[in-house]
Participant: 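Right, I'll just put the structure down here and ask away after.
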Amino acid sequence: MNAQKIGVVGGGLMGHGIAYLFAAAGHAIGVFEPSPEIRASLPKRLRAIADLFGDDPALLKAISVHDQLGPAVAGASLVFEAAPEKLPLKQKIFADLESVVAPDTILASNSSAIPSTEIARHLQHRERVIGTHFWNPPHLVPLVEVIENEKTSGDVLRRTMTLLRDAGKTPVHVRRDVPGFVGNRLQHALKREAIALVAAGVCDAETIDIVVKEGPGARMAVLGPMEQSDLVGLDLTLDIADVLYADLDRTAGPHPFLRQKVKDGKLGMKTGEGFRSWTTETAGSVRERLSRFLVGQAKNRRKSSA
Ligand SMILES: NC(=O)c1ccc[n+]([C@@H]2O[C@H](COP(=O)([O-])OP(=O)(O)OC[C@H]3O[C@@H](n4cnc5c(N)ncnc54)[C@H](O)[C@@H]3O)[C@@H](O)[C@H]2O)c1
């Protein structure tokens, strides 16, 4: 692997994890973070990731934190933008980046939903802009959706995929800049049906979670929906689709049941009630269970690739 300089714009939830994973892969990282409080919290948050993996904290010396954009991204071969999800803000960041980086520096946005086509619309070198959608937490979840937009060059796509693969991620090439890319479209298709089933009184929210975790979810980490269809046969898949699809939820836009929950201030764990009811302890144990699972998986992956 070629050690490179990587820039990260925004040292929040996603930015600090992205910085860590590339430092752990042997690169030099410059993070631009405008908030003094968040800058001050970065060493502790980065150290917590090193502790999670049992890594030598000396690797954190490869990460420098800056209050200005220019020094953070100087000499970078690729910059990951992980700033708030607002189009005008991202457009301004990319315009500023274009004025301080080399012409061939790749500019990648971690936006969850804003097409990089829009972010790059007013730039001079649009061929070097690409979407890289990491999943939270980016140092633990392997997938990164690499989204080509209508101007992205083949060379930029290849270099981005290689950098991510060499850092131990699982990059996938998304050929069109569609809203939600691939992962969120699939995730929200499932959520849409789950919400409609609860709203119709077919089962309660807890039952939905049990069905997913103990049923299809129990095999999903090793069997994707396309290979599962091929496994059971497309003739059976078609027979089921013929009976079922006309009955699936087709509410246009978010379901009224979800809108009402939000209107009533039932926002989930942070308010004590969402689809299900939560105490500080039960919410804490869900977070703990998730973290333990993801860390275990990430450690196993590291072991098997060592
Ligand atoms: N949180 C998730 O689960 C998740 C998952 C995938 C993608 N994303 C996307 O990643 C991006 C960042 O999300 P996050 O959850 O890390 O948000 P965050 O609020 O935790 O972090 C954003 C950081 O950007 C900083 N910032 C504000 N203005 C800035 C500017 N002008 N230049 C540089 N930095 C600036 C903020 O101070 C903050 O530290 C968003 O586009 C989000 O949609 C988030």
Side-chain angles (χ1 to χ4, degrees), residues 6-22 29-46 48-49 63-74 76 78-101 105 107-120 122-123 129-147 149 160 164 169-172 174 177-188 191 267-270 286-287 290-291 294:
I6 308 284
V8 176
V9 177
L13 186 65
M14 298 301 286
H16 87 291
I18 294 170
Y20 186 91
L21 83 90
F22 286 105
I29 318 298
V31 179
F32 166 51
E33 170 52 61
S35 153
E37 292 77 27
I38 294 177
R39 272 200 310 279
S41 73
L42 267 167
K44 200 171 160 201
R45 289 189 291 134
L46 290 165
I49 303 180
I63 304 176
S64 59
V65 181
H66 303 264
D67 61 358
Q68 298 292 319
L69 182 65
V73 300
L78 192 150
V79 178
F80 292 103
E81 170 273 314
E85 188 77 351
K86 303 254 183 281
L87 177 60
L89 179 81
K90 289 192 190 285
Q91 284 178 327
K92 165 86 169 59
I93 289 170
F94 275 66
D96 291 347
L97 279 170
E98 192 163 59
S99 68
V100 290
V101 297
T105 300
L107 303 181
S109 176
N110 184 45
S111 169
S112 309
I114 305 172
S116 66
T117 312
E118 289 310 317
I119 296 171
H122 308 295
L123 298 189
V129 176
I130 195 160
T132 47
H133 181 236
F134 290 80
W135 286 65
N136 181 37
H139 48 284
L140 295 180
V141 181
L143 181 68
V144 184
E145 293 171 276
V146 178
I147 307 111
N149 70 45
T160 306
L164 289 162
K169 305 311 284 180
T170 305
V172 294
V174 180
D177 208 359
V178 292
F181 316 130
V182 175
N184 265 323
R185 289 177 86 102
L186 295 173
Q187 183 168 247
H188 282 270
K191 279 192 191 187
L267 305 182
M269 293 183 187
K270 61 186 164 191
V286 170
R287 292 195 181 94
L290 176 64
S291 174
L294 290 177

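In listed order, ligands and their atoms are each counted from 1. Bear in mind the structure is a predicted one, so any value in this text is a computation, not a measurement.
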Participant: Taking only heavy atoms of Ser111, which atoms of ligand 1 are found under 4.0 Å from at least one of them?
Facilitator: 41 (O)
Participant: Going by the order shown, which atoms of ligand 1 are within less than 4.0 Å of some heavy atom of His133?
Facilitator: 6 (C), 7 (C)
Participant: Looking at ligand 1, does any of its N/O atoms fall within less than 3.5 Å of an N/O of Glu85?
Facilitator: yes
Participant: Check whether any side-chain heavy atom of Leu164 lies under 4.5 Å from a side-chain heavy atom of Phe134, and answer yes or no.
Facilitator: yes
Participant: Does any part of the side chain of Val144, heavy atoms only, come nearer than 4.5 Å to the side chain of Thr170, both counted from C-beta?
Facilitator: no
Participant: Considering only heavy atoms of Gly10, which atoms of ligand 1 have at least one such atom less than 4.0 Å away?
Facilitator: 24 (O), 34 (N)
Participant: Please report which non-hydrogen protein atom sits nearest to atom 9 (C) of ligand 1, along with the residue it belongs to and the distance in Å to one decimal place.
Facilitator: Asn110 O, 3.2 Å
Participant: Go through ligand 1 atom by atom and flag the ones less than 4.0 Å from a non-hydrogen atom of Lys90.
Facilitator: 40 (C), 41 (O)
Participant: So if I count the atoms of ligand 1 from 1 in the order they appear, which ones are less than 4.0 Å from some heavy atom of Phe32?
Facilitator: 32 (N), 33 (C)
Participant: Can an N or O of Glu33 be found at a distance shorter than 3.5 Å from an N or O of ligand 1?
Facilitator: yes
Participant: Counting non-hydrogen protein atoms only, what is the nearest one to atom 8 (N) of ligand 1? Give residue, atom name and distance.
Facilitator: Ser112 OG, 3.1 Å
Participant: Within the structure provided, determine whether Glu118 and Leu87 are in side-chain contact (heavy-atom separation under 4.5 Å).
Facilitator: yes
Participant: Which heavy atom of the protein is the closest neighbour of atom 29 (C) of ligand 1, given with residue, atom name and distance?
Facilitator: Pro34 CG, 3.6 Å
Participant: Okay, side chain of Gln68, backbone of Phe32: is any donor-acceptor separation there less than 3.5 Å?
Facilitator: no
Participant: Working to the nearest 0.5 angstrom, can you tell me the gap between His139 NE2 and His16 NE2?
Facilitator: 5.5 Å
Participant: Side-chain contact, heavy-atom cut-off 4.5 Å: Met269 with Val286?
Facilitator: yes
Participant: Does Lys92 have a non-hydrogen atom less than 4.0 Å from ligand 1?
Facilitator: no
Participant: Among protein heavy atoms, which sits nearest to atom 21 (O) of ligand 1, and what does the distance come to when rounded to 0.1 Å?
Facilitator: Gly12 CA, 3.3 Å
Participant: Ligand 1 versus Leu13, non-hydrogen atoms closer than 4.0 Å: side chain, backbone, both, neither?
Facilitator: both
Participant: For atom 31 (N) of ligand 1, what's the nearest protein heavy-atom neighbour? Residue, atom name and distance, please.
Facilitator: Leu89 CD1, 3.5 Å
Participant: Any side-chain heavy atom of Glu33 within less than 4.5 Å of one from Asp67?
Facilitator: no
Participant: For ligand 1, note which part of Ile114 has a heavy atom under 4.0 Å away: side chain, backbone, both or neither.
Facilitator: neither
Participant: If you measure every N or O of Phe134 against every N or O of ligand 1, does any of those distances drop under 3.5 Å?
Facilitator: no
Participant: To the nearest 0.5 Å, tell me how far His122 NE2 sits from Ile119 CD1.
Facilitator: 11.5 Å
Participant: Any idea which protein heavy atom is nearest atom 13 (O) of ligand 1, and the distance to it?
Facilitator: Met14 CG, 4.0 Å
Participant: Measure the CG-CG distance between Leu69 and Leu97 for me, rounded to the nearest 0.5 Å.
Facilitator: 5.0 Å
Participant: Report yes if some N/O of Ala83 lies less than 3.5 Å from some N/O of ligand 1; otherwise report no.
Facilitator: yes
Participant: In the protein, what heavy atom is nearest to atom 33 (C) of ligand 1, and what distance, to one decimal place, separates them?
Facilitator: Val9 CG1, 3.4 Å
Participant: At the 4.0 Å heavy-atom cut-off, does Glu81 count as touching ligand 1?
Facilitator: no
Participant: When you compare the side chains of Ser116 and Asn149, does any donor N or O come within less than 3.5 Å of an acceptor on the partner?
Facilitator: yes
Participant: Suppose we measure from atom 19 (O) of ligand 1 to each protein heavy atom; which comes out shortest, and what is that distance?
Facilitator: Pro84 CG, 4.9 Å
